[in-house]
Protein chains: 2
Amino acid sequence: MGAEDWATLLRELDQKVTPARCAVLEVVASTDAHLSADEIVSRVADLVPDVHRATVFRTLERLVELGLVAHVHLPHGATTYHLRQPGERMHLHVLCRACGDVFDVDPALLDDVADALASSLGFRLAADHAALSGVCAVCASGSAGDVDVEREL
Amino acid sequence: MGAEDWATLLRELDQKVTPARCAVLEVVASTDAHLSADEIVSRVADLVPDVHRATVFRTLERLVELGLVAHVHLPHGATTYHLRQPGERMHLHVLCRACGDVFDVDPALLDDVADALASSLGFRLAADHAALSGVCAVCASGSAGDVDVEREL
DNA sequence: ATGAGTGCAAAGTGTTTGCAACTAT
DNA sequence: ATAGTTGCAAACACTTTGCACTCAT
């Protein structure tokens, strides 16, 4: 999507079109990765200088409200943001506590868990909203003795 | 367990016995709830005055290393700590993002998920380490319209 | 005696907020 | 014109760290 399209999209949602907003959308849309607010701030700076951190936070909050962006809380460290694909089902996230990588996982994986929680506790699970933690294949084999792995993320 | 027992336990683990440590152990053992470091600080203050925050943090870190205490990262807000029962299997946690309550859940619930992640990605899941989020029964029914529920925890 | 543990103050993240200036409509 | 947005600075919540002093052993 080009810059013009973000403007159109925002207008359709009755939002004001500003350089900061377009830049944030552009940045978030530019990658499949999960970006922290900090990373977004610095990437936005490459597109539009002098966009303030606070503005990025406020903009992200707004975009989440509008359903354009999703955020995931990681067990350690900053919240990450990524574009939310319209029809697509929200995926679930697992974080490697050794290397910090986030892996996207099939949301169906937690369906049984969600059902079990719903029937036993009446609890409605939002599987996409928080990441689970563990150790990825690379880190598990790499540092055979699990030295750094216990480093607590 | 009385104060004397904490001293004994610490000695068995080759740790120095100090009032601060015993108090932290006492506090963590005094409840089934998941306490934040802050809550522990203030409860410790009732037992032993003038124990500094930093000491509580350092002590908790140590107790986790020793395997006496477990900590759980919540999707939002502070890390919580609770006593770790020796033989007992670590439980899994779900957080209500409306009221903030943490529910303990049968760890077996995630066994299938853990297996699936292991075989598909080689990922080793630490199910107890991070809480999942959702909405508890009370909050789901209470605020029918889900007003506050979207408040993002 | 001596090294581990502690209090304190200070810094470090990540995020939010009040307010005055600005700008998209 | 005017309501919504922004930049700034300051505050916030949670946690860590360097250092000198104290205490358990």
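Chain A is the first sequence line, chain B the second, and so forth, proteins listed ahead of strands; every chain is numbered from 1. No experiment lies behind these values; they were computed from the predicted model shown.
The side chain of B:Thr18 lies closest to D:dA24 when the candidates are D:dT16, D:dT6, D:dA24. Of the candidate nucleotides D:dT15, D:dC8, C:dA9, D:dT15 has the atom nearest to the side chain of B:Ala37. For A:Val17, the side-chain atoms get nearest to C:dT25 when compared with the rest of C:dT25, C:dG5, C:dG7. Between D:dT6, D:dC14, C:dT15, one nucleotide has an atom nearer to the side chain of A:Arg53 than all others, and that is C:dT15. Side-chain proximity of B:Ala78 to the nucleotides D:dT5, C:dT15, D:dT15 is greatest for D:dT15. Side chain of B:Lys16, nearest nucleotide from D:dC8, D:dT6, D:dA24: D:dA24.
Regarding A:Asp14, its CG atom lies at a distance of 12 Å from the P atom of D:dG4, rounded to whole Å. Between the C1' atom of C:dG5 and the CG atom of B:Leu66 lies a distance of 14 Å, rounded to the nearest Å. When rounded to the nearest whole Å, the span between NE2 of B:His76 and C1' of C:dT16 equals 10 Å. For the pair B:Ile40 CD1 and D:dA13 P, the interatomic distance rounds to 18 Å; values are reported in whole Å. The separation between B:Asp38 atom CG and D:dT15 atom C1' is 10 Å, rounded to whole Å. The distance between atom CG of B:Leu10 and atom P of C:dA4, rounded to the nearest whole Å, is 16 Å. In this entry the distance linking CG of A:Leu13 with C1' of C:dA24 reads 16 Å, nearest Å. Rounded to a whole Å, the NE2 atom of A:His71 is 14 Å from the C1' atom of C:dG14.
Connection of B:Leu92 to A:Leu117 is established within a shared hydrophobic cluster, with ILVMFWY side chains joined at heavy-atom distances below 4.5 Å, either directly or through further cluster members.
Where B:Glu61 and A:Pro49 each meet DNA chain D at their nearest nucleotide, the meeting point lying more 5' is that of A:Pro49. Mapping A:Thr59 and B:Gln15 onto DNA chain D by nearest heavy atom places A:Thr59 closer to the 5' end of the strand.
The shortest distance between the side-chain N/O atoms of B:Thr79 and the OP1/OP2 oxygens of D:dC14 is not below 4.0 Å. Listed pair A:Arg62 / D:dT5 meets the phosphate criterion, a side-chain N or O lying under 4.0 Å from OP1 or OP2.
Nucleic acid contact class of B:Ala20 (heavy atoms, under 4.0 Å, all strands): sugar-phosphate only. As judged by a 4.0 angstrom heavy-atom cut-off over every strand, B:Arg58 is placed among the base-contacting residues.
Panel note: side chain B:Ser120, backbone B:Ala116; a donor-acceptor pair is recorded below 3.5 Å.
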Using side chain to side chain contact (heavy atoms under 4.5 Å, CB included), reason through A:Leu74 and A:Leu95 one step at a time and then give a plain yes or no. CA-CA 7 Å; A:Leu74 303 186; A:Leu95 170 83; 4.1 Å; yes
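Between B:His73 and A:His73, the ring center distance fails the sub-6.0 Å criterion.
Between A:Glu65 and A:Arg62 there is a salt bridge, since a side-chain N of the basic residue sits under 4.0 Å from a carboxylate O of the acidic one.
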